[in-house]
Amino acid sequence: VTYTGATDVDAEYTNGDTVAATDITGGSTEGAEFTVGSATLDASRTDGNSTGDSLIAGASEFELMEFVLDNNDVEMVTVTDMQFGQAGTLTDASVVSNCVLLAEDGTPLSDEEDYSDPSTTTDEDASVTFDDLEIEIDQNGQVTLTLNCDIATSAVPTETFTAQLDDVD
């Protein structure tokens with residue numbers, strides 16, 4: 001904020017000393033008024049996968065999910081972290097590994113990460129987290145992303161797996 005309009009500032013303050021607010025007369029020191037808002041980021045799945053599709057044990061770079069992040073905000077948003085959970089009957093999260101986030105043109109946006117579960121009794125809370133991302137989404141823009149993972153040959157044929165986007169920062 002720039003102070004303008006002072007007509008009564010003593011010369012003793014011209015050497016870099018701080019001017020006390022009580023010594024300023026005339027003019028205005030009030031800044032601009034801003035409205036606080038929050039970013040609005042919508043996610044929608046755009047892949048052709050359907051419930052009941054087969055997931056083959058031993059698949060490499062399998063497309064688990066394609067989705068769009070749509071920025072409905074008044075300014076650019078940078079996504080730095082994403083976490084994907086899982087739903088289904090999968091009992092060993094380690095069979096889903098080497099997961100990577102890809103840009104629409106196939107460029108990797110993350111390092112490879114594995115699904116894991118901090119619990120030793122069940123893998124229902126299994127997740128994979130990508131951090132240190134730098135995904136910029138322009139004001140009123142969108143990006144299309146794909147989650148690809150390898151599926152181990154040890155995956156149990158009767159179990160089910162559903163990737164779900166749990167968190168975006």
Can I get a per-line list of side-chain donor-acceptor pairs under 3.5 Å for residues 155-169, giving both atom names and the distance, sequence neighbours left out?
from : atom 1 : to   : atom 2 : distance (Å)
E159 : OE1    : T91  : N      : 3.3
E159 : OE2    : T91  : N      : 3.3
E159 : OE2    : T91  : OG1    : 2.5
T160 : OG1    : T89  : N      : 3.0
T160 : OG1    : T89  : OG1    : 3.3
Q164 : NE2    : D166 : OD1    : 3.4
D166 : OD2    : G85  : N      : 3.1

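You'll find the side chain of L90 reaches within 4.5 Å of the side chain of V95, heavy atoms only. Annotation: side chain of N72 is in contact with side chain of D70 (closest heavy-atom distance under 4.5 Å). Under the 4.5 Å side-chain criterion, counting only non-hydrogen atoms from C-beta, D150 is not in contact with V96. L55 places a side-chain heavy atom less than 4.5 Å from the side chain of I151. Under the 4.5 Å side-chain criterion, counting only non-hydrogen atoms from C-beta, E66 is not in contact with L145.
The two atoms that bring G48 and D53 nearest to each other are O-OD2, 4.3 Å, heavy atoms only. Scanning all heavy atoms of the two residues, the minimum distance from D114 to S97 falls at OD1-CB, 3.2 Å. Shortest non-hydrogen contact noted between V143 and E136 is CG1-O, 4.0 Å. The heavy-atom pair separating P108 from L102 by the smallest distance is CA-CD2, 3.7 Å. Nearest heavy atom pair, residue I135 against residue M82, reads CD1-CE, 4.2 Å. Smallest separation of non-hydrogen atoms from L147 and C99: CD1-CB, 4.1 Å.
The hydrophobic clustering, which links ILVMFWY residues whose side-chain heavy atoms are closer than 4.5 Å, places F130 and F67 together.
Side chains of T107 and D105: a donor on one and an acceptor on the other come within 3.5 Å.
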| said: Does D47 form a side-chain contact (heavy atoms from CB on, under 4.5 Å) with E63? I'd like the steps, not just the answer. | reply: CA-CA 9 Å; D47 59 57; E63 181 184 295; 3.3 Å; yes
